[in-house]
Each structure stands twice: as structure tokens, then as C-alpha cells.
Amino acid sequence: MADHPKGGDSLIDKISDKIHAHGGHSDDGPAASQAKDKVYRLFGREHPVHKVLGGGKSADLLLWRDKKISAGALGVATAVWILFELAEYHLLTLVCHILILALAVLFLWSNANAFINKSPPRIPEVSIPEHPVIEFASVLIVEINRTFALLREIASGRDLKKFLMAIAGLWLVSIVGSWCNFLTLFYIVFVLLHSVPVLYEKHQDKVDPLAEKAGMELKKYYAVLDEKVLSKIPRGPLKNKNA
């Protein structure tokens, strides 16, 4: 009879442990439900805007982490656009005029040091580093090859949605290109890259819900278009994946 209370205590302890364990799992329920209910982000991104843009100096430049550098880059681009577009300066003429002015000033300064009692100018040795150029070329080649692979995939006729998006994008670019020349288009893209990401980062909590609603509406319209039109268009033969 003396052993019976011990057995009863152990049984009670087991039951209480199970109750506590069950309570612990129930506490995890809201956390699990919150993890499932993720906040919608534009284009389905899962990382901050800085990381999406590369997370390096280019992202710092576009997001105005250093306002002096970002403002300087935008100012230089604006000056170049004003020179070539508004003042109708030509690139070769501008380069030649800059070189003529620089060579004339340095030549006169080097030969007039005896009259003005100043030391001749120290002209630095300028050379282009090889490693950054090779790295930039390799990255550019990878992106070009990726673009070619995407165009080949679209032209194969296997994805009608990508085909229509590519046609619409190219058609839109052609319309914009008819409005302005390449330099103005490049400048517009440059200004947009220096304004849209930083504005989106500041107001993403307001933009993302609107983008979610717009995306849902576009999916509805695409579903109707696919059902009535796109599904009736004959497609190219698909290769057997098991082959």
C-alpha cells in the first residue's frame, strides 16, 4: 500500500506533462498561422529592396544611401543630357574640345613655370585596371546569354503567357522609342532608377496592397481572355519530358 501513492503521483505527473506539452503546442498555433499569412510584396519578393537590387554599391547608389554620390551621379547624367540633347553637342566634338583645353593648359603651365615662379604640374599616370573591366565584361556576357536563352524559350511556342508579355513589352518600348531618341530614353530610365526604388522603399506598405489588388484584377482578366481566346489558339507540339 505504501507504493500506491508513488504510482499515483507518477501518473498525475505524466498527465500534467501531457497537458503542458499540449498547451505549448497550442501557443505555437498563432505563430504558425502568422507565418503562413505572409505580407504580399510587389513581384513576390521575399527580401528587402536593397538586397533585391544587388545589395552592393549600386543598390546604395539607387537607394540614396549616400546622398552626395547619388546626387552627383544624377547631376552628371543631367549635364550630359543637356549638352548632347538641348545644346546639340556631339560626343566626338565634346571629347576633342576637352582634350584641346586640357592639353593647352598643361602645356602652357609646364613651359611658363619660369615666368610665374611655380613648379610644373604633376601629370598623373592614367591606366585602366584590367580586373574590373574583365569582371564587367563577364557579367555583361552572362546577362546577354541569359536574354538570348529567354528569347529562345519564348520563340519555342511553349509558353503563350511569356510570348504575349514579350510582345507587349517590345511594342511598348517601340512606342516610347518613337517619341524620343536613345539618349533621352536612357536619361529617363536613369532618372527612374534613381527615383522609383527609393520612393517604393519609403512607401512600400501602401504600395504593396494596391499592387496586390491590381494583380488579382489582372489575373481575373487574363483568366477570361485565356478561356475565351488563348485556349482556342493551336500551340506547337511539346516534347515529352520522359523522353
Side-chain angles (χ1 to χ4, degrees), residues 42-103 106 122-159 162-163 165-201:
L42 192 63
F43 303 119
R45 63 180 181 85
E46 298 179 355
H47 302 287
V49 180
H50 187 271
K51 192 172 183 180
V52 172
L53 294 176
K57 293 181 179 180
S58 60
D60 294 339
L61 181 68
L62 296 178
L63 295 176
W64 292 72
R65 293 292 189 262
D66 192 335
K67 294 183 179 179
K68 291 182 179 180
I69 296 178
S70 299
L74 189 58
V76 170
T78 303
V80 170
W81 179 74
I82 291 174
L83 279 174
F84 293 128
E85 186 65 22
L86 299 183
E88 296 183 353
Y89 230 100
H90 298 286
L91 178 61
L92 185 60
T93 305
L94 178 63
V95 171
C96 290
H97 287 178
I98 292 175
L99 289 176
I100 289 171
L101 180 62
L103 290 174
L106 292 174
R122 295 180 181 179
I123 303 174
E125 294 183 1
V126 180
S127 61
I128 299 176
E130 184 178 356
H131 180 69
V133 176
I134 294 176
E135 185 177 357
F136 175 78
S138 62
V139 172
L140 183 62
I141 290 173
V142 169
E143 294 299 327
I144 292 175
N145 290 334
R146 187 179 299 176
T147 303
F148 285 157
L150 179 61
L151 293 176
R152 182 177 182 275
E153 181 183 357
I154 293 173
S156 63
R158 300 179 182 179
D159 195 333
K162 287 184 179 180
F163 172 76
M165 291 177 63
I167 295 298
L170 292 173
W171 179 70
L172 182 62
V173 172
S174 67
I175 292 177
V176 175
S178 64
W179 294 342
C180 56
N181 56 20
F182 179 76
L183 180 61
T184 302
L185 180 61
F186 179 81
Y187 177 69
I188 292 172
V189 173
F190 189 85
V191 172
L192 290 176
L193 287 176
H194 278 75
S195 57
V196 174
V198 65
L199 291 175
Y200 170 72
E201 188 182 36

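For clarity, every value in this text was computed on a predicted model and none was experimentally measured.
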Notebook entry, point to check: Is there a donor-acceptor contact under 3.5 Å from the side chain of Ser156 to the main chain of Glu153?
Noted result: yes
Notebook entry, point to check: Rounded to the nearest 0.5 Å, what separation is found between the CG atom of Leu106 and the CG atom of Leu101?
Noted result: 9.0 Å
Note to self: Restricting to non-hydrogen atoms, name the atom on Leu74 and the atom on Phe190 that form the minimum distance, rounded to 0.1 Å.
What the structure shows: CA-CE2, 4.0 Å
Next item on the list: I would like to know whether Leu185 and Val176 meet side chain to side chain contact (heavy atoms under 4.5 Å, CB included); could you show each step before the answer?
Entry: CA-CA 8 Å; Leu185 180 61; Val176 175; 3.5 Å; yes
Notebook entry, point to check: Which pair of heavy atoms, one from Val133 and one from Pro129, lies closest together, and at what distance?
Noted result: CG2-O, 3.3 Å
Notebook entry, point to check: Taking atom CZ of Phe186 as the centre, does the number of heavy atoms from other residues, nucleotides or ligands within less than 6.0 Å exceed 12?
Noted result: no
Checklist line | Cys96: which of Leu99, Thr93, Leu92, Ile98 passes side chain to side chain contact (heavy atoms under 4.5 Å, CB included) | finding: Leu92
Notebook entry, point to check: Any side-chain heavy-atom pair from Glu85 and Val80 closer than 4.5 angstrom?
Noted result: no
Note to self: Let me confirm one number: the CZ-CD1 distance from Phe163 to Ile167, rounded to the nearest 0.5 Å.
What the structure shows: 4.0 Å
Check: Would you say Leu62 and Val198 make side-chain contact, with heavy atoms under 4.5 Å?
Finding: no
Checklist line | Straight-line distance of Leu150 CG to Lys162 NZ, nearest 0.5 Å | finding: 6.0 Å
Margin query: Around atom CD of Glu88, are there more than 12 heavy atoms from other residues, nucleotides or ligands closer than 6.0 Å?
Written below: no
Notebook entry, point to check: Can you tell me how far OH of Tyr187 sits from CD1 of Ile82, rounded to the nearest 0.5 angstrom?
Noted result: 6.5 Å
Note to self: Measuring from atom CH2 of Trp64 to atom CG of Asp66, what distance do you get when rounded to the nearest 0.5 angstrom?
What the structure shows: 10.5 Å
Notebook entry, point to check: Which value, rounded to the nearest 0.5 Å, describes the distance between His97 atom NE2 and His90 atom NE2?
Noted result: 11.0 Å
Item checked: Heavy-atom check, side chain of Phe84 versus side chain of Leu94, under 4.5 Å -> yes
Notebook entry, point to check: Closest heavy-atom contact between His50 and Leu63?
Noted result: CA-CD1, 3.6 Å
Check: Is a side-chain N or O of Ser70 found less than 3.5 angstrom from the main chain of Lys67, in a donor-acceptor match?
Finding: no
